[in-house]
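Only one structure is covered here, and it is reproduced in the block below.
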Amino acid sequence: LAKTTQPISMDSYEGQEVNITCSHNNIATNDYITWYQQFPSQGPRFIIQGYKTKVTNEVASLFIPADRKSSTLSLPRVSLSDTAVYYCLVGPSGGYQKVTFGIGTKLQVIP
Amino acid sequence: GAVVSQHPSWVICKSGTSVKIECRSLDFQATTMFWYRQFPKQSLMLMATSNEGSKATYEQGVEKDKFLINHASLTLSTLTVTSAHPEDSSFYICSARSDTNQPQHFGDGTRLSIL
């Protein structure tokens, strides 16, 4: 299983763009990169998934360089409600096989 | 789409009681469901993986006789904590996946408190 490394915590002011980078040096050829958001006492919520280059949806963008050894989740113009823990997961096809949750990144949005 | 419902959302019971938690995929068929446990300020720990119609695969250190998992249909999996004790108190979360090319979608968790 590919191991991931993320910053433990980040602070950002409201309205700013937030970029959270995840390192996954031993990512396998058939691994996808998936990001989840978790609020306290709730289950994780799927944000975005990608394999290479750039993926964008209505919530976020995911940037993956050519070597795929890292990825960056970009949240545009964050609000207070984006305060949560963000997890980067790496595994085959979004987790067909078991994936390991790291400690995640605690994002605190400041007014 | 891809909604997973978990019930109950929280339960408090006496030590020695068995507790059943249900996980349902509401708008898709889940060939695989996963059960996680999360202690305060910690990450999710995978307990077991269950495929519809077959026995669950438990992670190392998880007692299969204590945490009974049933995945009898493509939309329902249950986790039964048998003879629960205070150390079993935790936040239990299920997830479901429709096929190998789709991400896991999570329920909102069950807060279990054993007195």
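All chains are named by letter (A, B, ...) in the order of the sequence lines, taking the proteins before the strands, and each is independently numbered beginning at 1. Source: prediction; values computed, not measured. FYI, side chains are in, hydrogens and waters are out, and symmetry mates aren't considered; it's all heavy atoms of this structure.
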Pairs flagged by disulfide (SG to SG under 2.5 Å) wherever residues 30-86 of chain A is involved - sequence neighbours left out: none
Selection from Met45(B), Gln38(B), Lys41(B) maximising heavy-atom pairs under 4.5 Å formed with chain A: Gln38(B)
Polar contact flag, side-chain donor to acceptor under 3.5 angstrom, Glu52(B)-Gln29(B): no
Among the listed options Pro44(A), Gly102(A), Gly104(A), Pro40(A), the residue most often paired with chain B at heavy-atom distances under 4.5 Å: Pro44(A)
Check: Tyr87(A) ring centroid to Tyr36(B) ring centroid under 6.0 Å: no
Chain A contact via Ile93(B) - side chain, backbone, both or neither, heavy atoms under 4.5 Å: side chain
Test salt bridge (Lys or Arg N to Asp or Glu O under 4.0 Å) applied to Asp31(A) and Arg68(A), step by step: CA-CA 10 Å; Asp31(A) 282 345; Arg68(A) 303 200 328 122; 5.9 Å; no
Part of Gln6(B) lying under 4.5 Å from any heavy atom of chain A: neither
